[in-house]
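Because the structure is a prediction, the values reported are computed rather than measured. Every number for a ligand or one of its atoms is a count from 1 in the order of the listing. Counting from 1, the numbers follow the sequence of the chain as shown.
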Amino acid sequence: ADIERLYVHETVENVIPKTAFVEAFDDFEIPAELVGDGEQYGRTDAVVTYRPRPEFLDAGWVHCARAGYDEFDTDAYEAAGVPLTNSSGIHDETVGELAVNYMLSFARLLHVYRDHQNDADWYEPDYERPFTVGGERLCVVGLGTLGRGIAERADALGMDVVGVRRSDESVPGVSRVYDPEDLHEAIADARFVAIAVPHTPATEGMFGAPEFRRMRDDAYLINVARGPIVDEDDLVGALDAGDIAGAGLDVFETEPLPEDSPLWDFEEVVISPHKGSATNRYHLDIADLVIENARRYLAGESLRNRVA
Ligand code: NAD
């Protein structure tokens with residue numbers, strides 16, 4: 001297989017600076033070129049993009065610049081014989097650090113102090129409220145790149161990490177692995193439950209009222225995966241009813257999170273604007289992955305992260 005042109009579709013700017021990204025290919029044998037809509041593609045073109053476009057099905061290979069490729073019609077790619085690759089495998093450190101950030105904040109109340117700081121208020125919480133994460137149980141649901149990145153960091157903090165995954169193969173730092181059918185048992189004793197599965201028909205609405213009732217009432221939910229995995233109305237209901245203590249949320253059913261969402265108003269909800277993987281070197285991580293795959297593609301080897 002050959003690549004004559006390596007196109008970068010402008011929708012990548014949703015997550016990375018497009019010019020810096022194109023420049024990251026300067027030392028690669030095939031120069032990258034920035035394109036918008038209205039371009040025509042052929043089998044010797046490769047495309048790196050954030051959003052799908054129907055015309056990409058005419059290209060030779062398409063790379064999605066994010067881990068979650070749920071917006072792409074994988075059946076259409078398979079029918080067209082066009083390989084589709086995604087950007088998973090690079091978010092363990094970034095998303096792992098964000099998840100740890102939420103947990104440490106909930107434990108040591110940084111978010112609460114910051115709220116009071118806005119009023120120059122020297123706030124004294126109840127003695128019972130702050131705790132250490134060491135020794136607390138974390139249940140990580142989904143043990144792929146994100147899940148392992150979270151588990152490894154939580155383990156380093158002395159947490160008791162359990163997980164949910166479809167195979168019972170052991171995972172470093174995870175003391176016990178539950179089958180997805182035993183989700184309720186897995187989450188029942190956890191102080192923190194972190195969601196790290198992709199959005200699929202099987203995971204949509206995986207967390208709703210029954211799961212929140214099953215969780216401890218002092219437990220925190222962390223969702224760094226995709227919004228629709230959690231039933232947001234049920235989450236608001238559970239927070240109102242005190243079925244769980246709070247939530248660290250990076251992803252939502254509707255993004256940006258609408259201004260009138262009740263989630264904004266809970267002291268024990270920390271909202272980040274889908275920035276789990278957003279750091280100043282994210283474009284370099286994606287470029288490395290694309291270059292590695294371009295080399296494989298040219299050599300006729302199987303592609304890393306092929307999802308269709
Ligand atoms: P990954 O493919 O490496 O891991 C996903 C894991 O979930 C796999 O091990 C898979 O077997 C497992 N899984 C799938 N369905 C399951 C189920 N029903 N029960 C239990 N386990 C199941 O992907 P990743 O890089 O870890 O990313 C996971 C998801 O997180 C992505 O699909 C994406 O939607 C989201 N994500 C969000 C951000 C962010 O910025 N917040 C960044 C990267 C990824």
The test is side chain to side chain contact (heavy atoms under 4.5 Å, CB included); show your working for E268 and H111 and say whether it passes. CA-CA 8 Å; E268 289 295 87; H111 58 302; 2.6 Å; yes
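- The proximity of V95 to ligand 1, defined as any non-hydrogen pair under 4.0 Å, is limited to the side chain.
- Nearest protein heavy-atom neighbour of atom 28 (C) of ligand 1: A196 O, 3.9 Å.
- If you check which protein heavy atom lies closest to atom 22 (C) of ligand 1, you get V197 CG1, 3.5 Å.
- Side-chain N or O atoms of S175 include one that pairs as donor or acceptor with a backbone N or O of V161 at under 3.5 Å.
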For the pair D218 and R191, evaluate salt bridge (charged side-chain N to carboxylate O under 4.0 Å, His left out) and give the outcome as yes or no after the intermediate values. CA-CA 7 Å; D218 63 354; R191 190 73 192 267; 3.4 Å; yes
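- With hydrogens left out, the protein atom closest to atom 7 (O) of ligand 1 is P198 CD, 3.4 Å, a heavy atom.
- The aromatic rings of Y220 and F106 lie parallel to each other, their planes meeting at an angle below 30°, with 60° marking the opposite boundary.
- Closest heavy-atom approach to atom 18 (N) of ligand 1 among the candidates L183, T203, D70, D179: T203.
- Distance from atom 26 (O) of ligand 1 to its nearest protein heavy atom, with residue and atom name: L146 N, 2.8 Å.
- The shortest N or O to N or O distance between D250 and ligand 1 is below 3.5 Å.
- Here the shortest heavy-atom pairing between R137 and D160 reads NE-OD2, 3.0 Å.
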How far apart are the C-alpha atoms of E71 and R66, what are their side-chain angles, what is the distance that settles it, and do they pass the salt bridge (charged side-chain N to carboxylate O under 4.0 Å, His left out) test? CA-CA 11 Å; E71 287 182 21; R66 58 197 308 206; 3.4 Å; yes
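- Linking ILVMFWY residues whenever their side-chain heavy atoms come closer than 4.5 Å, directly or via other members, leaves L138 and M215 in distinct clusters.
- In terms of polar-atom proximity, R226 is counted as a contact of ligand 1, with an N or O under 3.5 Å from an N or O of the ligand.
- In terms of protein heavy-atom proximity, atom 1 (P) of ligand 1 is closest to T145 N, 4.0 Å.
- Residues L239 and V193 fall within the same hydrophobic cluster, defined by Ile, Leu, Val, Met, Phe, Trp and Tyr side chains chained together at heavy-atom separations under 4.5 Å.
- In summary, the aromatic rings of H283 and F25 are positioned with their centroids too far apart to meet the 6.0 Å limit.
- Checked against a 3.5 angstrom limit, the closest N/O atoms of V224 and ligand 1 fall inside it.
- The protein heavy atom nearest to atom 2 (O) of ligand 1 is S88 OG, 4.4 Å.
- Under a 4.0 Å criterion applied to the non-hydrogen atoms of S277, ligand 1 contributes the atoms 40 (O).
- Classification of the F72-Y77 ring pair by plane angle, with boundaries at 30° and 60°, yields tilted.
- Among protein heavy atoms, atom 4 (O) of ligand 1 sits closest to G144 CA, 3.2 Å.
- Counting only N and O atoms by type, the side chains of H91 and T145 include no donor and acceptor under 3.5 Å apart.
- For atom 19 (N) of ligand 1, the nearest non-hydrogen atom from the set G149, A278, A67, P180 belongs to P180.
- A225 O, 3.4 Å is the protein heavy atom nearest to atom 35 (C) of ligand 1.
- In terms of N/O distances under 3.5 Å, ligand 1 is not approached by H199.
- Residue R166 places at least one N or O, backbone or side chain, under 3.5 Å from an N or O of ligand 1.
- Contact annotation: for H274 versus ligand 1, heavy atoms closer than 4.0 Å belong to the side chain alone.
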